[in-house]
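Notes for the one structure printed next.
Note: hydrogens, waters and symmetry copies are ignored here, and every other heavy atom, side chains too, is used. It should be emphasised that the depicted structure is a prediction, and the values quoted were computed from it without experimental measurement. In what follows, every chain begins at residue 1, and chains take the letters A, B, ... in the order their sequences are listed.
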2 protein chains.
Amino acid sequence: MQIKQLAQVTKVSAKTIRYYEDIGLLPEAKRGENGYRYYQQTDVSSLNFIRRCKELRMPLADIKRLVAVQSDSNAPCAEVDALIAQQLEQIRVAQYELQQLEKNLQGLADSCEHNQIKDCSILNQLHAN
Amino acid sequence: MQIKQLAQVTKVSAKTIRYYEDIGLLPEAKRGENGYRYYQQTDVSSLNFIRRCKELRMPLADIKRLVAVQSDSNAPCAEVDALIAQQLEQIRVAQYELQQLEKNLQGLADSCEHNQIKDCSILNQLHAN
DNA sequence: GCTTGACCTTCCTGTTACTGGAACCTTTAT
DNA sequence: ATAAAGGTTCCAGTAACAGGAAGGTCAAGC
């Protein structure tokens with residue numbers, strides 16, 4: 001199949017597919033005589049794997065590691081494990097930060113009495129020392 | 001005061017201060033004959049305001065709006081209000097996403113039995129259809 | 001008077017994960 | 001023959017800076 005069809009099947013844009021090839025996340029595609037890229041079923045699988053990792057908010061660099069790691073099927077899966085754990089930790093930190101943030105923003109929003117700028121309680125608090 | 005001192009007082013790097021000036025978030029600083037930027041107390045206040053907005057994860061473009069809005073002290077504070085509400089909404093959406101994400105990642109992490117790559121349950125799930 | 005070190009300046013590059021667009025080639029249908 | 005719809009490469013832009021090069025300035029010490 002050509003790149004557009006792969007894009008439709010995997011719901012990853014053709015631009016992005018080329019980009020993944022550029023950065024070495026996908027192997028170089030086979031080319032026809034016209035220079036067009038041609039893909040097979042394995043490419044669909046690769047892209048689905050990448051898409052699933054992305055849903056977990058993994059950076060492409062980490063996904064690249066996950067792909068690389070799979071070349072040696074007898075290696076221990078410690079690195080996979082570590083990447084997931086690291087990701088989980090980051091998510092938890094982010095969650096905590098967002099909680100605090102929500103409180104602060106809610107406080108500001110609640111204080112608003114829809115005045116004019118010069119009396120705006122939100123701006124006053126943002127200017128406070 | 002010179003830029004380094006402003007940086008120390010506000011805990012915003014000199015690089016970042018110049019950048020804010022570049023993009024028009026800070027007004028152009030007064031220059032000495034040597035070309036150096038010189039700052040006053042009002043600049044400290046401006047940067048503190050910006051820093052506080054940033055702690056609320058506001059994009060610089062929004063902060064720029066907040067700064068601009070304050071030039072007319074008799075205007076209603078509706079836009080301020082709206083920006084905060086919008087920010088709050090985004091934070092809540094992000095929180096929800098992170099919750100789902102945490103569940104997924106935790107599920108993956110729990111399933112790991114520290115095998116070899118070929119039996120890795122994490123990878124298996126990421127490859128699943 | 002000269003040097004050294006700590007400032008300052010501007011400008012360029014790189015970061016992340018793409019997207020948009022230009023300029024140009026190929027294939028297919030009318 | 002031509003037009004539409006695909007393909008290709010390459011360049012620029014996004015957000016919010018950080019790092020570094022190349023060079024000017026200023027105060028202190030010898």
[N] [atom2] sits how many Å from [X] [atom1], rounded?
X	N	atom1	atom2	answer
B/Ile17	C/dT10	CD1	C1'	17 Å
B/Ile3	C/dT10	CD1	P	9 Å
B/Tyr39	C/dT9	OH	C1'	12 Å
A/Lys15	C/dA22	NZ	C1'	10 Å
A/Asp22	D/dC11	CG	P	12 Å
B/Leu6	C/dC7	CG	P	15 Å
B/Met1	C/dC7	CE	P	16 Å

Could you walk me through whether B/Leu83 and A/Ile122 pass the side chain to side chain contact (heavy atoms under 4.5 Å, CB included) check?
CA-CA 11 Å; B/Leu83 279 174; A/Ile122 293 178; over 6 Å; no

How long is the straight-line distance from [atom2] of [Y] back to [atom1] of [X], given to the nearest 0.5 Å?
X	Y	atom1	atom2	value
A/Met58	A/Gln90	CE	CD	10.5 Å
B/Gln99	A/Ile91	CD	CD1	12.0 Å
B/Asn48	B/Lys11	CG	NZ	10.0 Å
A/Ile17	A/Asp22	CD1	CG	12.5 Å

So what is the end-to-end bend of the helix from C/dG1-D/dC30 to C/dT30-D/dA1, with 5 pairs used at each end and the value given to 10 degrees?
40°

Evaluation steps, side chain to side chain contact (heavy atoms under 4.5 Å, CB included), between B/Leu123 and A/Phe49
CA-CA 9 Å; B/Leu123 291 175; A/Phe49 178 78; 4.0 Å; yes

For the residue pair A/Asn104 and A/Gln100, confirm or rule out a side-chain donor-acceptor distance under 3.5 Å.
no

Quick one: label [X] by what it contacts on the DNA or RNA (base, sugar-phosphate, nothing), any heavy atom closer than 4.0 Å.
X	result
A/Arg18	base
B/Tyr20	sugar-phosphate
A/Lys4	sugar-phosphate
A/Ile23	nothing

Shortest non-hydrogen contact from B/Ser111 to B/Gln125?
OG-NE2, 3.1 Å

Work out which heavy atom in B/Asp43 is nearest to a heavy atom in B/Leu6; give both atom names and the distance.
C-CD1, 4.3 Å

side-chain hydrogen bond (donor to acceptor under 3.5 Å, both in side chains), that's the test. Do A/Gln2 and A/Lys4 meet it? Break it down for me.
CA-CA 6 Å; A/Gln2 294 184 181; A/Lys4 193 174 193 197; over 6 Å; no

Under-3.5 Å N/O pairs linking protein and nucleotides 23-26 of chain D:
| from | atom 1 | to | atom 2 | distance (Å) |
| --- | --- | --- | --- | --- |
| D/dG24 | N2 | B/Tyr36 | OH | 2.8 |
| D/dT25 | O4' | B/Tyr36 | OH | 3.3 |
| D/dC26 | OP1 | B/Asn34 | ND2 | 3.3 |

Output the residues of residues 44-69 of chain A in contact with DNA chain C, where contact means a heavy atom of the residue under 4.0 Å from an atom of the strand; sort by number or write none.
A/Lys54, A/Pro59, A/Leu60

Quick check on [N]: is either OP1 or OP2 less than 4.0 Å from any side-chain nitrogen or oxygen of [X]?
X	N	value
A/Arg37	D/dG7	no
B/Thr16	D/dA16	no
B/Tyr19	D/dA15	no
A/Ser13	C/dT19	yes
A/Arg31	C/dT26	no
A/Gln2	D/dG6	no

Carefully, step by step, assess A/Tyr36 and A/Arg31 under the rule side chain to side chain contact (heavy atoms under 4.5 Å, CB included).
CA-CA 5 Å; A/Tyr36 287 17; A/Arg31 303 289 186 125; over 6 Å; no

Yes or no on side chain to side chain contact (heavy atoms under 4.5 Å, CB included) for A/Leu105 and B/Ile84, after CA distance, side-chain angles and deciding distance?
CA-CA 7 Å; A/Leu105 281 166; B/Ile84 297 292; 4.0 Å; yes

